[in-house]
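Comments concern the structure below.
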Amino acid sequence: MSSELGAHVKPFTLFNHVGMHMPNIVKLCILMKELKLPYECKYLDFTKNEQKESPHIDYNPNGRIPTLVDHTNNDFPVWESNAIMLYIMSRHDPENKSGFMGDTPEEKAQVMQWLFFQASGQGPYYGQAHWFIYLHPEEVPSAIERYQDEILRILGVLEGHLKDREWIVGDKPTLADFAFLPYNIFYAPRLLPEGITVEDRFPAVGAWQKRLLSMNSVADTINEREIQIKKYANTIPIFRGEKKRMEPVLPAIEATA
């Protein structure tokens, strides 16, 4: 099997960041492992602006990751992580045998609702907090405070929702859980105001995270990321101009099930 990406032996290519720093790729790896869809990652060095160059830009005019190329569908490309998850489900689990879209029309609507909230709320606010804390050329305390407050607000929404339930939608994991987890476990610990932890301030969210971390697909993805993080930790910053290196956050994983 070959394409513009060259010869490949797996049916999917995921464009990824060198070191697997970015949380949006994680949800896709979890889903594809759950559905047993083999993929290979093509790692891009952002310090060389490879995400804005061919071949990636040929598949994704926005020049950001992640991007999926489906070699089982004439190298069909999809970008934006939640859109990729929905595409994977519609094409590779069209009958929703996994249940990841919810079990009823109402649950499907709720899954979509939380995916939209993750894309419009959690991702942007966590991302802006990361920018102003670690990457902005000058310190802007008011911006840092604003986005940290938004992180606390979003965690509060999740806390209230998860107080009396195990999963975001229904009685088992769905795309909604996969979408919210990565930013919480990798970014929240280094973005929250000093002295605040998810586990202490938001115990229902902490318990939900532990349930997800016990899944093999999640543990395997985190281990995959850990290998990449360690491989590049001392060589490649996330972006050019990074003010200081962040210690990678590697969640403790208990026995998987």
Side-chain angles (χ1 to χ4, degrees), residues 16-30 43 45-47 51 64-66 81 117-159 162 177-210 212-213 218-219 221-254:
N16 203 339
H17 177 266
V18 165
M20 262 182 97
H21 288 280
M22 307 303 186
N24 280 330
I25 195 74
V26 172
K27 68 181 82 166
L28 305 180
C29 296
I30 293 170
Y43 296 101
D45 184 347
F46 279 30
T47 66
Q51 76 276 17
R64 305 185 77 170
I65 61 166
S81 57
F117 178 48
Q118 191 278 322
S120 66
Q122 187 201 44
Y125 288 128
Y126 282 52
Q128 289 298 321
H130 171 264
W131 174 267
F132 281 104
I133 292 171
Y134 292 104
L135 302 172
H136 197 64
E138 59 187 28
E139 189 170 348
V140 185
S142 60
I144 293 172
E145 182 180 2
R146 164 171 166 68
Y147 291 115
Q148 286 181 326
D149 284 348
E150 284 299 316
I151 292 173
L152 292 170
R153 182 184 69 81
I154 289 164
L155 286 168
V157 172
L158 284 172
E159 179 71 14
L162 289 166
D177 299 283
F178 301 157
F180 270 92
L181 180 69
Y183 274 99
N184 271 12
I185 60 176
F186 296 126
Y187 266 29
R190 58 175 172 240
L191 298 179
L192 287 169
E194 188 173 355
I196 295 178
T197 67
V198 169
E199 293 74 16
D200 290 341
R201 177 73 69 90
F202 308 99
V205 176
W208 164 78
Q209 290 179 174
K210 282 188 176 181
L212 282 165
L213 288 168
V218 176
T221 299
I222 289 174
N223 288 334
E224 181 181 348
R225 181 180 185 270
E226 182 174 353
I227 290 170
Q228 287 296 315
I229 286 272
K230 289 181 176 178
K231 182 176 180 181
Y232 294 103
N234 297 315
T235 57
I236 299 178
I238 294 180
F239 291 104
R240 289 170 295 178
E242 184 181 30
K243 288 189 296 185
K244 59 181 178 179
R245 177 158 303 283
M246 298 174 296
E247 287 299 315
V249 176
L250 303 170
I253 303 174
E254 298 175 1

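Heavy-atom basis, side chains included; hydrogens, waters and symmetry copies ignored.
With hydrogens and angles ignored, the 3.5 Å screen pairs a side-chain donor or acceptor of E159 with a backbone N or O of A204.
Listed by chain and residue number, W114, F180 satisfy the ring pair (Phe, Tyr, Trp, His ring centres under 6.0 Å) test with F117 (two or more places apart in sequence, or in another chain).
Across all their heavy atoms, R201 and L152 have their closest contact at NH1-CD2, 4.3 Å. Between Q122 and A179 the shortest heavy-atom distance is OE1-O, 3.9 Å. Counting all heavy atoms, side chain and backbone alike, D45 lies closest to V18 at N-CG2, 3.7 Å. In terms of heavy-atom proximity, P66 sits nearest to L28 at CG-CD1, 3.6 Å. Scanning both residues, L158 and N184, for their nearest heavy atoms gives CD1-ND2, 3.9 Å.
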Could you walk me through whether E226 and N223 pass the side chain to side chain contact (heavy atoms under 4.5 Å, CB included) test, one step at a time?
CA-CA 5 Å; E226 182 174 353; N223 288 334; 4.0 Å; yes

Could you go through Q209 and I185, starting from their C-alpha distance and side-chain angles, then the distance that decides it, and tell me whether this counts as side chain to side chain contact (heavy atoms under 4.5 Å, CB included)?
CA-CA 8 Å; Q209 290 179 174; I185 60 176; 4.0 Å; yes

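Once rounded to the nearest 0.5 Å, the distance linking CG of L191 with CD of Q128 reads 11.5 Å.
Between L181 and V218, the closest side-chain pair of non-hydrogen atoms falls below 4.5 Å.
Applying the side chain to side chain donor-acceptor pair (under 3.5 Å) definition to pairs two or more places apart or across chains, those involving residues 142-152 are E150-R153.
In this structure, Y183 and Y187 have perpendicular ring planes: the angle between them is above 60°, well past the 30° mark.
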